[in-house]
Amino acid sequence: MWIIAIIAITFLMIIFNKGNKNTQNVVINHIGVNHPTIDGQTIKVLQISDLHLENLSISPEKLYASLNDQSFDLIALTGDFLDRKRSIPKLIPYLNVFNQLNPKYGTYAVFGNHDYVLRDSNFLTLKKVLEDQGCKTMQNENDVLTINGNRLNIIGIDDFSTKRSEIDKSYHGLMHGYNLVLTHDPNIVLKMKNFHFDYLLSGHFHGGQIYWPKPYHLLKMGKLVRMNMIKGLQTHDEKPFYISEGLGQTGLNIRIGSRPEITIHHLTLPIIEKAASAM
């Protein structure tokens, strides 16, 4: 029996070591969404999701080195920065990286379920740190940018899994333009049949994180999992959305069948005169 136990322990150690190395092997994905009826300007949006600073193997220096040869129009941070008060100072070097990348139209951030583990003043401290470092935080609100005659509506919907999403409020006052939704939990798309978006950015699932043999542990995380939509470019009601695998991990700092992800989205904005109505 002891031989079997040694073999089992050795096997688990090998798997754990390999899984831990996978957390250091970041992939940069370039995503383009084709809108054949749109004739306008292309912008480049950097998406970073699920930093999970308690279990993150990508240093600020490595993140910067991966991206400093590129220019970005916008940075989108789609939630789950951390869930412990003592981790808040660790966020600042990463926010400095985003500032050094100098996105032309700024950095926008929404919150995820782990961020809301922080209570009251601790959550407000997290929000203040983001804003002090130049991020515009969005909790069921929107902002409008006009880029060379092209209107970009940035819609920040608060976390769906913790029942903080208010879609009506998020869309309030919007007119025509390209609707880019930022949110954490992609399950929100199942509630957006009557709300138009051209593209939606999310995270939350980590691509399963441990995708072996199947990500059964994700079943409790909503209907999209049962629809086999847990990562990458997806479509629902003929509207495209993206689920990032995220940069950090939760629980064990390992990945099996998934990799930490940086995503660069190439979006074409409609000329303002040709744009459709917001809803």
Is a side-chain donor or acceptor of [X] paired with a backbone partner of [Y] at a separation under 3.5 angstrom?
{"X": "Gln133", "Y": "Asn99", "value": "no"}
{"X": "Ser59", "Y": "Lys62", "value": "yes"}
{"X": "Arg255", "Y": "Gly248", "value": "yes"}
{"X": "Gln234", "Y": "Lys231", "value": "yes"}
{"X": "Arg151", "Y": "Leu145", "value": "no"}
{"X": "Ser165", "Y": "Asp158", "value": "yes"}
{"X": "Asn140", "Y": "Arg164", "value": "yes"}
{"X": "Lys239", "Y": "Phe195", "value": "yes"}

Give the cluster check for [X] versus [Y]: same hydrophobic cluster or not, with ILVMFWY residues linked at side-chain heavy-atom distances below 4.5 Å.
{"X": "Leu101", "Y": "Leu56", "answer": "yes"}
{"X": "Phe111", "Y": "Leu53", "answer": "yes"}
{"X": "Met138", "Y": "Leu95", "answer": "no"}
{"X": "Leu118", "Y": "Ile92", "answer": "yes"}
{"X": "Ile264", "Y": "Ile48", "answer": "yes"}

Rounded at 0.5 Å granularity, tell me how far [atom1] in [X] sits from [atom2] in [Y].
{"X": "Thr263", "Y": "His30", "atom1": "OG1", "atom2": "NE2", "answer": "10.0 Å"}
{"X": "Asn96", "Y": "Leu63", "atom1": "CG", "atom2": "CG", "answer": "11.5 Å"}
{"X": "Asn22", "Y": "Asn253", "atom1": "CG", "atom2": "CG", "answer": "11.0 Å"}
{"X": "Leu74", "Y": "Leu267", "atom1": "CG", "atom2": "CG", "answer": "9.0 Å"}
{"X": "Lys163", "Y": "Asp185", "atom1": "NZ", "atom2": "CG", "answer": "10.5 Å"}
{"X": "His184", "Y": "Asp80", "atom1": "NE2", "atom2": "CG", "answer": "3.5 Å"}

What heavy-atom pair brings [X] and [Y] nearest, and what distance separates the two atoms?
{"X": "Leu201", "Y": "Ala76", "value": "CD1-CB, 4.0 Å"}
{"X": "Thr23", "Y": "Ser57", "value": "OG1-OG, 2.7 Å"}
{"X": "Phe197", "Y": "Pro240", "value": "CE1-O, 3.2 Å"}
{"X": "Pro186", "Y": "Gly203", "value": "CD-O, 3.4 Å"}
{"X": "Gly208", "Y": "Leu218", "value": "CA-CD1, 3.6 Å"}
{"X": "Asp73", "Y": "Ile43", "value": "OD2-CA, 3.3 Å"}

So, [X] and [Y]: side-chain donor and acceptor under 3.5 Å apart, yes or no?
{"X": "Gln139", "Y": "Lys127", "value": "yes"}
{"X": "Glu131", "Y": "Thr137", "value": "yes"}
{"X": "Asp143", "Y": "Tyr108", "value": "yes"}
{"X": "Asn179", "Y": "Asp198", "value": "no"}
{"X": "Thr78", "Y": "Ser202", "value": "no"}
{"X": "Asn68", "Y": "Gln100", "value": "no"}
{"X": "Thr125", "Y": "Asn122", "value": "no"}
{"X": "Ser49", "Y": "Ser244", "value": "no"}

**OP:** Could you tell me whether Lys44 sits above the aromatic face of Phe72, with NZ or CZ closer than 6.0 angstrom to the six-membered ring centre and within 45 degrees of the axis?
**Re:**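 Yes - Lys44 lies over the ring of Phe72, closer than 6.0 Å to its centre and within 45° of its axis.
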Between [X] and [Y], is any pair of side-chain heavy atoms under 4.5 Å apart?
{"X": "Leu182", "Y": "Ile155", "value": "no"}
{"X": "Leu67", "Y": "Leu46", "value": "yes"}
{"X": "Thr183", "Y": "Leu200", "value": "yes"}
{"X": "Tyr211", "Y": "Ile256", "value": "no"}
{"X": "Leu91", "Y": "Ile88", "value": "no"}
{"X": "Phe98", "Y": "Tyr64", "value": "no"}
{"X": "Leu190", "Y": "Met227", "value": "yes"}
{"X": "Tyr105", "Y": "Leu152", "value": "no"}

**OP:** Sort out for me which residue in His206, Gln249, Gln209 forms a side chain to side chain donor-acceptor pair (under 3.5 Å) with Asp50.
**Re:**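 Only match with Asp50 under side chain to side chain donor-acceptor pair (under 3.5 Å): His206.
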Would you say [atom1] of [X] has more than 12 non-hydrogen atoms from neighbouring residues, nucleotides or ligands within 6.0 angstrom?
{"X": "Asp132", "atom1": "CG", "result": "yes"}
{"X": "His172", "atom1": "NE2", "result": "no"}
{"X": "Lys191", "atom1": "NZ", "result": "no"}

Original post:
How about His265 and Tyr242: are their ring centres within less than 6.0 Å of each other?
Top reply: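 When the ring centroids of His265 and Tyr242 are compared, they turn out to be within the sub-6.0 Å range.
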Subject >> Proximity of Tyr116 and Phe123 rings by center, below 6.0 Å >> reply: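 Ring centroids of Tyr116 and Phe123 are less than 6.0 Å from each other.
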**OP:** For the pair Leu224 and Ile230, evaluate side chain to side chain contact (heavy atoms under 4.5 Å, CB included) and give the outcome as yes or no after the intermediate values.
**Re:** CA-CA 7 Å; Leu224 282 185; Ile230 66 167; over 6 Å; no
**OP:** For side chain to side chain contact (heavy atoms under 4.5 Å, CB included), just list the numbers for His204 and Phe160, CA-CA rounded to whole Å, side-chain angles, deciding distance to a tenth of an Å, and then say yes or no.
**Re:** CA-CA 10 Å; His204 191 46; Phe160 180 73; over 6 Å; no
Original post:
Yes or no on side chain to side chain contact (heavy atoms under 4.5 Å, CB included) for Ile157 and Met192, after CA distance, side-chain angles and deciding distance?
Top reply: CA-CA 11 Å; Ile157 304 180; Met192 296 184 69; 3.8 Å; yes
Original post:
Going through the checks in order, is the side chain to side chain contact (heavy atoms under 4.5 Å, CB included) test met by Lys223 and Met229?
Top reply: CA-CA 9 Å; Lys223 292 182 180 179; Met229 296 183 182; over 6 Å; no
